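Please read the structure below before turning to the comments.
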Protein chains: 2
Amino acid sequence: MARMRITIKDIAERAGVSKTTVSFAFNDPRKISKATCERVMAIADELGYVPDPVARTLTTKRIGAIGLLLPQPMHEALKNPYLTELLQGIGAACLEHETSLLIVPPIKGRLLEAASRAAVDALLAIGVGPDHSIVDLIRKRHIPLLTIDGKPSAGMANVGIDDEEAAYTLMRYVTGLGHRDIAIVELETESYNEPAERSSLVRDRRRAGFGRALQEAGSLSPRVYSAVCSVEGGRAAAARILADGKASAIVAMADIVALGIMEHCAACGLSIPADISIVAFDDIEMAALLPPGLTTVRQPGFDKGYEAGRVLLGMLKGAEPEQISMNAELIVRGSAAALSSDAARALPFAAAAGTKA
Amino acid sequence: MARMRITIKDIAERAGVSKTTVSFAFNDPRKISKATCERVMAIADELGYVPDPVARTLTTKRIGAIGLLLPQPMHEALKNPYLTELLQGIGAACLEHETSLLIVPPIKGRLLEAASRAAVDALLAIGVGPDHSIVDLIRKRHIPLLTIDGKPSAGMANVGIDDEEAAYTLMRYVTGLGHRDIAIVELETESYNEPAERSSLVRDRRRAGFGRALQEAGSLSPRVYSAVCSVEGGRAAAARILADGKASAIVAMADIVALGIMEHCAACGLSIPADISIVAFDDIEMAALLPPGLTTVRQPGFDKGYEAGRVLLGMLKGAEPEQISMNAELIVRGSAAALSSDAARALPFAAAAGTKA
DNA sequence: CCATAAAGCTAAACCGCTTTAGGCTCGGGC
DNA sequence: GCCCGAGCCTAAAGCGGTTTAGCTTTATGG
């Protein structure tokens with residue numbers, strides 16, 4: 001039989017002092033004499049005592065961890081390096097506050113339950129709006145909540161970018177290059193299971209931005225595809241797009257998908273950007289490395305994560321919820337170019353637009 | 001003033017029943033009448049009651065989370081996609097057991113303290129040997145521990161690969177290609193702060209494997225460099241290597257570093273593998289994507305994570321600690337070739353070695 | 001020499017839940 | 001009419017710490 005864990009009571013008895021004294025020895029040694037403290041510590045050491053973090057939490061109300069609610073299981077969510085960058089930022093903020101990070105994926109597709117079971121001091125949630133049932137739950141739990149890529153709303157902390165604007169900028173760039181046959185690759189989100197809550201705030205705002213740009217370019221109507229958020233998902237989407245024929249430019253919702261698209265196109269003998277233009281969102285590290293370099297709207301993943309963590313941890317210390325909007329910037333690399341040959345000549349303005357963000 | 005949290009006591013009073021009954025309503029409804037259960041739940045709902053996970057844990061001894069001890073802060077550790085793959089595997093295992101994952105980086109460089117504060121049911125630790133002080137601490141806490149890339153030892157759960165063999169295979173391959181001037185790029189590990197415990201088990205075993213291969217190839221002595229584990233670290237290392245001149249082949253300890261090296265070499269006008277061969281460990285997804293494809297020893301990151309999680313969570317249910325050794329496989333792509341021109345001709349066997357793993 | 005404060009320590013309440021051991025009621029079998 | 005068991009519910013004892021309020025003792029100093 002596994003010997004029971006050593007508790008504070010054991011130490012107290014062995015040292016001939018009260019539990020209070022032992023507790024003081026660990027938490028606030030000034031409250032007791034040096035001699036007693038040392039004796040207690042020696043005994044604690046000898047017996048191999050480690051304070052139980054859970055028991056401590058019950059009274060202190062601080063467990064030293066914040067949670068991150070993932071819309072998908074980890075093995076899917078982490079396929080997107082953008083999330084990894086976000087995590088790095090969150091991690092950097094946690095480090096400053098000596099806090100750990102609990103990754104909380106949905107349990108059997110239900111995130112709500114996972115969220116209510118999570119033993120944390122505060123929560124971060126990706127892509128949930130103010131009317132999501134999660135928000136209500138967290139309010140009941142009386143712990144701070146901050147959304148990332150959520151919808152700004154009164155009293156609710158959020159950090160994100162202006163996705164409508166970002167999408168508009170990107171699509172303007174593409175249409176400015178003369179493209180008329182555009183394929184948009186959205187993300188298959190099998191996230192939160194309440195159907196009513198499945199709508200992706202980000203996707204909706206981007207759709208709006210795209211729509212505006214397409215309208216301005218002459219009421220173009222793009223073909224819309226959807227892909228699992230991964231390299232493989234990108235490849236599959238590319239295959240479908242190429243099979244359908246018509247696109248001269250592909251706009252993906254995530255760089256990681258775009259990389260898969262680029263690879264598939266290259267493997268099919270297409271040259272990028274001569275034969276096909278590809279652009280996306282995020283600006284993950286690999287976007288710059290893979291030739292010819294992916295033109296993309298930079299999302300400050302690390303910074304978003306850091307700010308999110310900073311604000312949330314601040315709220316734990318009494319700070320007010322903040323709403324931070326970071327700016328997205330079009331990073332022009334080599335994966336998109338003016339519509340080639342005759343098409344390009346027919347639209348002389350397109351060539352010049354390339355340098356303007 | 002923030003209204004106090006609703007507790008089980010509030011529900012009990014309002015419903016005119018005992019705390020026990022309320023508890024039963026939530027955990028084992030069969031123990032009470034349907035009518036009572038419904039009434040209690042209705043009131044709980046009305047008052048916005050959410051059971052406190054911490055309080056529950058104190059008696060049940062299950063918090064529904066396992067921890068992952070990181071040797072470095074998150075913002076550094078996650079620069080290596082290999083870790084991300086590991087996380088995906090762990091996440092997949094956690095999913096099956098409806099468990100969350102607590103990421104535990106060192107607090108102020110001290111992982112020990114972080115480990116003792118972590119409220120988890122079990123712990124995963126990367127790269128710690130059986131004599132590491134962490135092991136002792138976890139034993140005191142009486143929770144299961146499994147090491148990843150640790151040293152197999154009696155009674156201690158571990159999953160890893162045979163790094164000595166893997167390194168030997170890789171270096172054999174390189175020397176087999178005729179390379180004599182070899183640069184090895186190790187990882188700067190600023191991990192665990194106890195100097196005595198800083199030794200990386202993985203690094204030591206790989207050094208041994210390299211040594212054996214180099215010995216067999218004629219007592220070659222490589223130049224050893226070290227790099228931060230990131231693309232940027234790879235670039236910096238490459239700059240130093242190129243400045244020093246002599247290397248015809250570079251062996252990096254991690255793909256992500258190799259990618260940086262490849263990029264820098266390419267940017268310097270070197271052609272890979274004609275001018276310089278580059279190989280590494282891990283086989284992250286990008287290794288295949290970046291032309292000409294990185295030759296690398298595949299580490300089954302996802303599988304390691306999955307097995308680690310599976311075994312650890314099994315231990316929580318009473319299973320015995322297992323020691324799993326997965327196998328590493330040399331994946332030959334385009335980044336390494338026989339030593340070119342005159343040198344290659346002088347060593348005719350080298351060209352053929354390329355296809356043999 | 002006595003009031004007073006400071007230092008060191010402790011008993012007991014408390015945090016919010018689970019779980020054990022029983023209590024009460026009611027119906028049925030003999 | 002009595003005993004027994006089933007069904008429903010509860011009081012109270014934890015779980016392992018922290019914290020409050022207070023009790024001794026020993027210096028302080030007027």
Side-chain angles (χ1 to χ4, degrees), chain A residues 2-41 43-44 47-64 116-121 140-143, chain B residues 2-41 43-44 47-64 116-121 140-143:
Chain A
R3 285 248 317 98
M4 261 326 272
R5 243 191 103 152
I6 304 292
T7 76
I8 201 173
K9 195 176 152 212
D10 300 317
I11 308 300
E13 280 170 6
R14 184 77 119 76
V17 296
S18 69
K19 290 193 303 171
T20 310
T21 302
V22 178
S23 180
F24 283 160
F26 276 84
N27 303 313
D28 197 351
R30 296 167 313 177
K31 292 194 178 167
I32 57 179
S33 74
K34 202 163 170 227
T36 312
C37 180
E38 278 166 5
R39 190 159 47 86
V40 167
M41 292 308 255
I43 291 179
L47 263 45
Y49 170 69
V50 181
D52 182 332
V54 173
R56 189 209 297 280
T57 300
L58 194 53
T59 59
T60 61
K61 303 296 178 200
R62 281 285 178 277
I63 199 168
S116 62
R117 291 200 187 297
V120 294
D121 294 330
K140 287 180 188 166
R141 286 195 55 182
H142 291 275
I143 66 183
Chain B
R3 284 248 317 99
M4 261 326 271
R5 241 191 106 152
I6 303 293
T7 77
I8 201 174
K9 194 176 153 214
D10 300 317
I11 308 300
E13 280 169 6
R14 184 76 120 78
V17 298
S18 69
K19 291 193 302 172
T20 310
T21 301
V22 178
S23 180
F24 283 159
F26 277 84
N27 304 313
D28 197 351
R30 295 167 314 177
K31 293 193 179 168
I32 57 180
S33 74
K34 203 162 171 233
T36 311
C37 180
E38 277 167 6
R39 190 160 45 88
V40 167
M41 294 307 255
I43 292 179
L47 263 47
Y49 169 69
V50 181
D52 181 332
V54 173
R56 186 208 296 282
T57 300
L58 194 53
T59 60
T60 61
K61 304 296 178 198
R62 281 286 179 276
I63 199 168
S116 62
R117 290 199 187 297
V120 294
D121 294 329
K140 288 179 188 165
R141 284 195 56 183
H142 291 273
I143 67 182

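Per chain, numbering begins at 1; letters A, B, ... match sequence-line order. The shown structure was predicted, so the numbers you read here are calculated from the model rather than taken from an experiment.
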Review point. Has B:T60 got a side-chain N or O lying under 4.0 Å from the OP1 or OP2 atom of D:dC15?
Key: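 No.
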Hey, does the side chain of [X] reach the backbone of [Y] with a donor-acceptor pair shorter than 3.5 angstrom?
X	Y	value
A:R5	B:K140	no
B:N27	B:F24	no
B:R62	B:T57	no

d([atom1], [X]; [atom2], [N]) in whole Å:
X	N	atom1	atom2	answer
A:R56	D:dT18	CZ	C1'	9 Å
B:L58	C:dT19	CG	C1'	13 Å
B:K19	D:dA13	NZ	P	12 Å
B:I63	C:dG16	CD1	C1'	14 Å
A:D28	C:dC9	CG	P	13 Å
A:D10	D:dC15	CG	P	11 Å
B:K9	D:dA12	NZ	P	14 Å
A:K34	C:dG8	NZ	C1'	16 Å

Heavy atoms from C-beta onward define the side chain here; which of [options] lies closest to that of [X]?
X	options	result
B:S18	D:dT10, C:dT18, D:dT18	D:dT10
A:I8	C:dC17, D:dC8, D:dG17	D:dG17
A:F24	D:dT18, C:dT10, C:dC17	C:dT10
A:K61	D:dT10, C:dA11, C:dC15	C:dC15
B:T59	D:dC15, D:dC9, C:dT19	D:dC15
B:T21	D:dT10, C:dC15, C:dT18	D:dT10

Give a yes or no on whether a donor-acceptor pair under 3.5 Å exists between the nucleobase atoms of [N], that is its base, and the side chain of [X].
X	N	value
B:T20	C:dT19	yes
A:K31	C:dG8	no
A:S23	D:dT19	no

Point to revise | Side-chain donor-acceptor pair present, B:T20, B:S23, cut-off under 3.5 Å | key: no
Exercise for review: Would you please say whether a donor-acceptor pair under 3.5 Å links the side chains of A:S18 and A:T21?
Suggested key: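 A donor-acceptor contact under 3.5 Å links the two side chains.
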Remember a base hit wins even if backbone is also touched, and classify [X] as base, sugar-phosphate or nothing at under 4.0 Å, heavy atoms.
X	answer
A:S33	sugar-phosphate
B:V54	nothing
B:Y49	sugar-phosphate
B:T57	nothing

Exercise for review: Could you walk me through whether A:V22 and A:V17 pass side-chain contact (heavy atoms from CB on, under 4.5 Å), step by step?
Suggested key: CA-CA 7 Å; A:V22 178; A:V17 296; 3.9 Å; yes
